Amino acid sequence: MAKTKTPQAIRGTQDIFGAEAESFAFVVETFERVRKLYRFRRAEMPVFEKTEVFARSIGETTDIVSKEMYSFEDRGGESLTLRPEFTAGIARAYLTNGWQQHAPVKLATHGPLFRYERPQKGRYRQFHQIDAEIIGAAEPQADVELLAMADQVIRELGIEGVTLHLNTLGDGDSREAWRAALVEHFRSVKDELSEESQERLEKNPLRILDSKDRRDQRFVADAPKIDDFLTDEARGFFDAVTSGLDAAGVKWVRAESLVRGLDYYRHTAFEFIPDDGSAAADALGSQSTILGGGRYDGLIESLGGPATPAVGWAAGIERLAMLVGEKGEPNADVIVVVEDDDFMSQAFVALGLLRGDGLSAELMAAGSPRKRFDKASKAGPRAIVSLGGQGSLAAPVRSDDEALVNRVGDLLSRSTQFIQSSSPRT
RNA sequence: GCGAUCGUAGCUCAGUUGGUUAGAGCGCCGGUUUGUGGUACCGGAGGUCGGGGGUUCGAGACCCCUCGAUCGCCCCA
């Protein structure tokens, strides 16, 4: 038989296992716990949608839509796309399921997203996010509550050295006026900007503001500020958000040049970013944002729904997992060692008893019988039950934990399979 | 899409200016020792050196292509 080649995993996908998988699970479990504290309701959406769901809401000119989507035709010839983010799909679900009746709704979800990008540290083609959205709430209190939750998730994950960067993009009119002023400002010095920013000038002028290129930064300093274009209403909204955050004890800094990549953002925009020089910044490489979001009051309309205010955020699980440190896999409470294969069935009785009582238990019954105890011992369980070691039905329990020895001894004595020995200790 | 570095056993890596049958540690399997034990010793399995092509008497080493990884740019979580 010809040797079959093992297919490789798809570029930019990951197989997560062991300590890394524990960190990943820790992030998700923490999110689930905190989300219930804030009374966000769990939602599940499909991982793929009609392409137009994303194209229309995210913005045709954004990088995500113009070059990063995994799109394909199904057998009926319809263009479908693997979700590159949660918000658009949630908005669609909100409209097509009549969730409007629950408005305002607080929703939480998590799962895989797909973006066709060059993989690097903290960035994958299939990646995972936790996500929280409040749909149908126009009040700044919604922004405050959403951010308080984000802040608590990060704190409960034990992540340090990360700060909330906050900005406002104003309402639609403010944003447009500001954008026009920025274009004018940068166009006057176009030839002195970096090549990339010259392109951004046409496509996405707001992004010039956070360019890393020195040539751009001199002109960023005296660029028009959003604050000068804010309507009274937009300013009032932002003030309400910031004072709410202060009252809620959420630390934040103003980031005047923080803009978000997607077209649908209005008013509040924010990112949680590691502080310069912190361990977190180090661990993340060039990927800085671990959680980002904002208010998207226009999105639902772009999908054909009624004008509906909403705010949300998403955070990369992989990026968070890199910051929570190693979460080792816990050792077994008990390992049952079969030192003589004649005692195999007793081992299953013992395992059933132990697991039924809530103790994690593992069987060690393969390989050289004489080495099994050593292997069990090496695995570092809280206790070891040895079967057949003395050629008898006795099942000695080895542990430094006296209470556990007694508990295991009591459990085993429930079966006539075992003539309990006088629990010798080591 | 662009750039840099890198691909040798399951894992971490050696492998001299290209030169015989490609090595070590850990892990795994078996045996001996110990005999209430996490020890030590012996032995074994496992590699078409990422894949393909080329240069050469001879390539794991050099060249080209390709796939992948890592790290940046762009952008984002």
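The structure displayed is predicted, hence computed values, not measured ones.
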Next on the checklist: What contact category does A:G122 fall into here, base, sugar-phosphate, or nothing, at under 4.0 angstrom with non-hydrogen atoms?
Outcome noted: base
Checklist entry - With under 30° as parallel and over 60° as perpendicular, where do the rings of A:F48 and A:F72 fit, or are they tilted in between? => result parallel
Checklist entry - Of A:I317 and A:G285, whose nearest nucleotide on RNA chain B comes first from the 5' end? => result A:G285
Checklist entry - What does A:G293 touch in the nucleic acid at a heavy-atom separation under 4.0 angstrom: a base, only the sugar-phosphate, or nothing? => result nothing
Next on the checklist: Using a heavy-atom cut-off of 4.0 Å across all strands, would you classify A:I64 as base, sugar-phosphate, or nothing?
Outcome noted: nothing
Checklist entry - Roughly how far apart, to the nearest Å, are B:C67 and B:G27 at atom P? => result 38 Å
Checklist entry - A:D297 and A:R295: salt bridge (charged side-chain N to carboxylate O under 4.0 Å, His left out), yes or no, with the steps? => result CA-CA 6 Å; A:D297 289 351; A:R295 181 160 276 279; 3.0 Å; yes
Item to check | Separation of the P atoms in B:G3 and B:A9, to the nearest angstrom | outcome: 29 Å
Checklist entry - What integer distance in Å separates A:R319:CZ from B:C75:C1'? => result 10 Å
Checklist entry - Okay, side chain of A:S194, backbone of A:R215: is any donor-acceptor separation there less than 3.5 Å? => result no
Item to check | Intermediate values then yes/no, salt bridge (charged side-chain N to carboxylate O under 4.0 Å, His left out), A:R266 and A:D171 | outcome: CA-CA 6 Å; A:R266 298 287 182 279; A:D171 48 35; over 6 Å; no
Item to check | Proximity to the side chain of A:E339 - top-ranked nucleotide from B:G38, B:C75, B:G37 | outcome: B:G37
Next on the checklist: To check you understand the geometry: which heavy-atom pair defines the closest contact between A:S57 and A:S302, and what is its length?
Outcome noted: CA-OG, 3.6 Å
Checklist entry - Picking from B:G38, B:A69, B:C74, which would you name as closest to the side chain of A:R11? => result B:A69
Checklist entry - B:G10 and B:G47: how far apart are their C1' atoms, nearest whole angstrom? => result 12 Å
Next on the checklist: Can you build the contact string for nucleotides 2-8 of chain B? Use B for base contact, S for sugar-phosphate-only contact, and - for no protein heavy atom under 4.0 Å.
Outcome noted: BB-----
Checklist entry - Looking across every strand, which nucleic acid part, if any, lies under 4.0 Å from A:T62 by heavy atom: base, sugar-phosphate, or nothing? => result nothing
Next on the checklist: Using the C1' atom as the point on both nucleotides, what is the distance between B:C41 and B:C6, in whole Å?
Outcome noted: 39 Å
Checklist entry - Would A:R372 and A:K375 count as a side-chain contact (heavy atoms from CB on, under 4.5 Å) if you check the C-alpha gap in whole Å, the side-chain angles of each, and the deciding distance to 0.1 Å? => result CA-CA 5 Å; A:R372 290 176 193 170; A:K375 278 159 74 177; 5.7 Å; no
Next on the checklist: Does a side-chain N or O of A:R260 approach OP1 or OP2 of B:C75 to a distance below 4.0 Å, or not?
Outcome noted: no
Checklist entry - Contact class for A:E271 (heavy atom, under 4.0 Å): base, sugar-phosphate, or nothing? => result nothing
Checklist outcome for this item: Considering only heavy side-chain atoms of A:D63, the closest of B:G38, B:C74, B:A77 is B:C74
All N/O contacts under 3.5 Å from nucleotides 27-29 of chain B to the protein, with atom names and distances to one decimal?
from: B:C29; atom 1: OP1; to: A:K375; atom 2: NZ; distance (Å): 3.0

Checklist entry - Just by distance, with hydrogens left out, do A:T163 and A:D275 show a side-chain donor and acceptor under 3.5 Å apart? => result yes
Next on the checklist: Measuring only the C1' atom in each nucleotide, how far is B:U8 from B:A14? A whole number of Å is fine.
Outcome noted: 10 Å
Checklist entry - Using a 3.5 Å cut-off on both pairing distances, which stems of three or more Watson-Crick or G-U pairs include RNA chain B? => result B:1-7 with B:67-73, B:10-13 with B:23-26, B:28-32 with B:40-44, B:50-54 with B:62-66
Checklist outcome for this item: Comparing nearest nucleotides in RNA chain B, the 5'-proximal residue of the pair A:P119, A:R115 is A:P119
Next on the checklist: Does A:R372 reach a base, just sugar-phosphate, or nothing at all? Heavy atoms under 4.0 Å.
Outcome noted: nothing
Item to check | N/O donor-acceptor pair under 3.5 Å between A:D151 side chain and A:V250 backbone | outcome: no
Checklist entry - How is A:Y124 classified with respect to the nucleic acid when contacts are heavy atoms under 4.0 Å: base, sugar-phosphate, or nothing? => result base
Checklist entry - Nearest to the side chain of A:S286, which nucleotide is it out of B:C75, B:G72, B:G1? => result B:G72
